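This report concerns only the one structure given below.
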Amino acid sequence: MGDRAAAAPIGGHEDAAAGNPQAASSRLWRPKRVLLTRSARSFDHGRAIAERASALGIEIIELPSDRLMLDRWTDPRRAYAEAKQTLAVVNASPSKRRLQPIAPSADWRVDLAEGCPAHCSYCYLAGSLKGPPITRAYANLPEILAALPDYLGKGSVTSGTKLRGHEGTTYEASCYTDPLAIEHITGSLSALIDFFGRWNADVQLRFTTKFSSVTPLLARDHGGRTRMRISVNPPAFARHEGGTSPVAARIAGLRLMAEAGYRIGLTIAPIIAAPGWRDVYGDLIDEVAEALLGIPVDLTVELITHRYTPGSKEVLTRWYPGSDLDMSARNRVEKRTKFGSIKHVYDPPTMAGLKSFFEERISQALPGARILYFT
Ligand code: SF4
């Protein structure tokens with residue numbers, strides 16, 4: 001397909017949930033600089049990202065090659081802060097365009113970007129992405145989109161399964177980034193939604209977000225083939241989610257998306273079994289139920305408990321030394337993944353208590369919702 005990106009800023013600076021009292025504090029990300037690699041400049045989409053950023057008054061640095069200058073800041077605190085304020089526009093390599101399975105969410109993972117500008121003190125990306133946390137947006141969107149049909153009808157998470165086969169072949173776009181956090185500059189998520197809207201096949205695009213700026217997505221011709229989920233935690237745990245949108249604004253954004261005909265979902269993640277968790281998660285579920293009152297919705301729920309690896313703990317402790325997020329051995333057991341690495345998850349009694357609480361509470365407050373998994 002052609003590269004359809006327009007250069008005008010997408011969505012402006014207004015939050016989608018502008019009517020919501022908490023939305024005012026939800027600002028769109030404004031990086032200090034955009035690095036544009038040489039190869040990225042050869043794609044309309046890459047140039048459009050740079051033009052959009054430039055229209056917002058952001059400095060554009062055209063690099064002479066495809067190498068990012070990542071070793072400029074030697075002080076680790078400074079390196080973190082500067083990286084989080086940098087958007088690099090690069091091309092996804094052929095290996096990154098080969099899709100990988102992504103259980104339990106979807107058949108396949110499709111990446112529009114890598115990295116995220118927010119500052120969550122439990123972020124799973126800390127354990128999976130190497131180096132300074134620059135956000136890299138992919139310019140070669142036409143090549144990324146062209147690869148997707150090869151995977152149609154393949155996969156083992158939803159395709160051909162008894163429980164989720166009706167979802168068709170599923171593609172998850174929020175594994176290595178939060179695509180809505182950067183959408184006002186990249187336009188990539190809108191283009192992907194449009195692609196699935198035109199793709200007359202048994203397919204579904206999925207993405208989840210901790211942001212509320214849904215305005216650019218509301219009028220897309222999505223064809224019912226996109227499920228948007230919000231990733232939420234109770235406001236009491238918001239101190240662990242720096243730089244994201246207020247939870248109430250995310251919920252308001254979810255309602256707007258449902259009204260625009262999207263399939264919707266809740267990703268309750270990461271579930272934190274801190275003292276008082278029953279009360280605050282119960283209130284959160286009630287708040288969602290109240291926000292969705294009166295509109296017909298196709299609603300799914302995904303439940304992901306907090307976990308960390310030795311590697312992610314080391315990186316997160318360095319990035320967020322003041323965080324009071326519990327990463328001690330209390331209530332934890334070690335679990336070995338199928339790749340042989342270790343992760344620390346809640347112990348069986350804690351997991352059982354969480355699982356039964358969420359299943360019961362969701363079935364009471366959101367009786368039409370379908371829980372896809374608890375992990
Ligand atoms: Fe990580 Fe998601 Fe937070 Fe971004 S919003 S920092 S991807 S947990």
Side-chain angles (χ1 to χ4, degrees), residues 15-17 25-31 79-88 102 105-106 109-138 172-186 188-189 206-214 228-235 237-251 253-254 265-272 284 302-309 311-327 343 375:
D15 195 284
S25 58
S26 176
R27 307 298 303 169
L28 294 177
W29 183 50
R30 188 188 162 86
Y80 169 84
E82 296 290 348
K84 279 282 183 180
Q85 295 178 82
T86 302
L87 175 69
I102 184 69
S105 171
R109 189 184 104 202
V110 52
D111 296 330
L112 300 173
E114 198 176 89
C116 171
H119 308 270
C120 300
S121 55
Y122 47 65
C123 182
Y124 60 99
L125 294 180
S128 29
L129 299 180
K130 304 281 170 252
I134 282 182
T135 302
R136 296 165 169 83
Y138 295 138
E172 170 67 64
S174 37
C175 293
Y176 272 19
T177 189
D178 186 317
L180 197 56
I182 53 176
E183 177 62 8
H184 57 292
I185 304 175
T186 66
S188 304
L189 183 57
R206 297 161 52 74
F207 72 93
T208 190
T209 181
K210 287 189 184 289
F211 287 79
S212 63
S213 42
V214 296
M228 179 265 196
R229 299 106 80 208
I230 51 166
S231 175
V232 280
N233 247 318
F237 297 152
R239 65 184 184 283
H240 300 306
E241 298 188 343
T244 61
S245 299
V247 176
R250 287 178 229 170
I251 295 172
L254 184 73
L266 277 184
T267 313
I268 304 183
I271 296 168
I272 300 171
L284 175 70
E302 290 148 84
L303 301 166
I304 305 172
T305 56
H306 179 232
R307 70 264 331 272
Y308 57 87
T309 65
S312 69
K313 181 178 175 180
E314 189 273 317
V315 173
L316 290 168
T317 308
R318 198 159 19 91
W319 284 356
Y320 308 109
S323 169
D324 62 353
L325 181 67
D326 185 10
M327 288 195 280
K343 60 184 170 184
T375 184

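Numbers here simply count residues along the sequence, with the first being 1. Atoms within each ligand, like the ligands themselves, are counted from 1 in listed order. This one's a predicted model, so the numbers in the text were calculated from it and none came from an experiment.
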Ignoring hydrogens and geometry, is there a side-chain-to-backbone donor-acceptor pair from Y122 to L325 under 3.5 Å? no
Residue pair T209 / S174, side-chain heavy-atom distance below 4.5 Å: no
Considering heavy atoms of the protein only, find what lies nearest to atom 1 (Fe) of ligand 1 and give residue, atom and distance to 0.1 Å. C123 SG, 2.3 Å
Between K84 (side chain only) and P31 (backbone N and O only), is there a donor and an acceptor less than 3.5 Å apart? no
C120 near atom 3 (Fe) of ligand 1: N/O/S under 2.8 Å: yes
Could you see which bit of L125 sits under 4.0 Å from ligand 1, with heavy atoms only: side chain, backbone, both or neither? side chain
Donor-acceptor check, side chain of R307 to backbone of T305, threshold 3.5 angstrom: yes or no? yes
I need the nearest protein heavy-atom contact for atom 4 (Fe) of ligand 1: residue, atom name and distance, please. C116 SG, 2.3 Å
